[in-house]
Amino acid sequence: MSENKYKEITRVTTHVLQEMKERGEIISMLTAYDYSMAKILDDAKIDVILVGDSASNVMAGHMTTLPITLDQMIYHASSVIRAVYRALVVVDLPFGSYQGNSKEALNSAIRIMKEAGAHAIKMEGGTEIMESIKRILSAGIPVMGHLGLTPQSIYKFGTFEVRAREEAEAAKLISDAEALAEAGCFAIVLEKIPAKLAEQVAKKVKVPVIGIGAGSGVDGQVLVLHDLLGITKQFSPRFLRRYMNLYDGILDAVSSYIEDVKLKDFPNEKEQY
Ligand code: KIV
């Protein structure tokens, strides 16, 4: 891309997202973990790219998001950053990189910003991680919150069921969201909670609320790219809309290639020197 083209692109910043909420423009967000996919997303003009710790499932084949390391997140994030000219790139702090204490949390956030060149970080949890959130924010690093179903706590929850159906958990979620916004988080992800509750939170807090399985009454939507493209087949929650069936498409293409190679149909005359 030429320097002039770069200058023409208006980058999505945390301030742009805030303005979008204020004028009622819905925010689009998707995950990406590598250069090639991030480039397509950025060309499509996605607003936010999340280098999610779902890379642990999607890219590495783990059952949960717990095993992915800070070094691995930095590797994924730096690949994404090299592709992106427009979108805001947010990177998950992985499990174990911030729960210990606020100094460790700040060091992890600094590594992601410095080594990957990320624009912001995301952390799962409410008031229980507030000290770390405040310390990271005070270093000038934008923080996105994440409440509701927080996959890093899956062994505490025990299931991937909808969260905050009960009054007490819903009340805690509302007060956590208010505390995150008050502390200075620039946005909050709400995962797998009742649509009415998510809408209530989006109305209550001033910062953008991005939903995944949280209905349409919020300020933006996020999905895992590989789920939307139909590359992952084993995961079919009700909230997921698949826009492609790429698993079968790739399977067909690879099977055709294997057949052509075996039959010596590939390469043909025109495909050689
Ligand atoms: O890691 C991830 O992909 C996420 C989204 C599900 C929001 O946190």
Side-chain angles (χ1 to χ4, degrees), residues 17 26-34 37-38 41 46-70 72-77 79-80 87-99 108-109 112 116 118-126 129 133 142-154 157 160-164 173 177 180 185-193 198 201-202 207-215 218-229 231-232 234-242:
L17 298 181
I26 302 297
I27 297 162
S28 60
M29 171 163 149
L30 279 173
T31 61
Y33 320 106
D34 68 284
M37 289 291 186
L41 264 51
I46 195 83
D47 297 314
V48 184
I49 294 180
L50 172 66
V51 184
D53 59 359
S54 51
S56 179
N57 311 99
V58 176
M59 303 304 285
H62 293 297
M63 292 292 288
T64 71
T65 57
L66 276 67
I68 199 160
T69 65
L70 185 57
Q72 288 164 342
M73 289 303 294
I74 290 170
Y75 167 76
H76 287 297
S79 307
V80 166
L88 182 83
V89 179
V90 182
V91 181
D92 264 331
L93 279 193
F95 177 71
S97 72
Y98 62 99
Q99 288 87 351
S108 302
I112 286 182
H119 308 143
I121 56 111
K122 176 163 83 60
M123 295 162 79
E124 295 184 5
I129 58 160
I133 290 177
V143 177
M144 176 181 267
H146 184 157
L147 299 171
L149 179 68
T150 46
Q152 291 179 11
S153 308
I154 190 58
F157 296 146
F160 284 99
E161 287 304 301
V162 177
R163 302 302 313 175
L173 187 139
L180 292 178
C185 288
F186 72 89
I188 301 168
V189 166
L190 293 182
E191 182 165 351
K192 220 169 174 190
I193 63 166
V201 174
V207 299
V209 171
I210 320 270
I212 173 164
V218 288
D219 308 303
Q221 297 292 333
V222 56
L223 281 178
V224 169
L225 179 66
H226 291 62
D227 297 336
L228 168 156
L229 295 176
I231 296 176
T232 48
Q234 66 279 24
F235 182 69
S236 262
R238 171 174 162 168
F239 67 76
L240 173 62
R241 186 179 295 179
R242 286 195 206 286

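Every number for a ligand or one of its atoms is a count from 1 in the order of the listing. Everything quoted here is computed from the prediction, not taken from an experiment.
- Residue contact check: Thr31 has heavy atoms under 4.0 Å from atoms 3 (O) of ligand 1.
- The shortest contact between atom 3 (O) of ligand 1 and any protein heavy atom is with Ser54 OG, 2.5 Å.
- Heavy-atom neighbours of Phe239 CZ from other residues, nucleotides or ligands within 6.0 Å: above the threshold of 12.
- Annotation: Glu191 places no N or O atom under 3.5 Å from an N or O atom of ligand 1; distance criterion only.
- Between Tyr33 and His226, the ring-plane angle classifies as tilted under the 30° and 60° cut-offs.
- The contact set between ligand 1 and Asp92, taken as ligand atoms under 4.0 Å from a residue heavy atom, comprises 1 (O), 2 (C), 8 (O).
- Atom 6 (C) of ligand 1 has as its closest protein heavy atom Ile212 CD1, 3.7 Å.
- Of the protein's heavy atoms, Lys122 NZ, 2.9 Å lies nearest to atom 8 (O) of ligand 1.
- Side chain of Ser56 to backbone of Thr64: a donor-acceptor contact under 3.5 angstrom is found.
- One side chain, Arg242 or Ser236, offers a donor N or O that lies under 3.5 Å from an acceptor on the other.
- The closest side-chain heavy-atom distance from Leu223 to Leu30 is below 4.5 Å.
- Counting only heavy atoms from C-beta outward, the side chains of Asp92 and Met73 approach each other to under 4.5 Å.
- Side-chain contact between Ile154 and Leu66: present, with at least one pair of heavy atoms (C-beta onward) separated by less than 4.5 Å.
- Side chains of Asp47 and Leu88 form no contact here, defined as non-hydrogen atoms less than 4.5 Å apart.
- Below 4.0 Å from some heavy atom of His146 lie the following atoms of ligand 1, by number and element: 8 (O).
- At under 3.5 Å, a nitrogen or oxygen of Asp53, whether backbone or side chain, sits near a nitrogen or oxygen of ligand 1.
- For atom 4 (C) of ligand 1, the closest heavy atom belonging to the protein is Leu50 CD2, 3.5 Å.
- Contact between Glu124 and ligand 1 is absent, with no heavy atom of the residue lying under 4.0 Å from the ligand.
- Near Val224, meaning under 4.0 Å from any of its heavy atoms, are these atoms of ligand 1: 3 (O).
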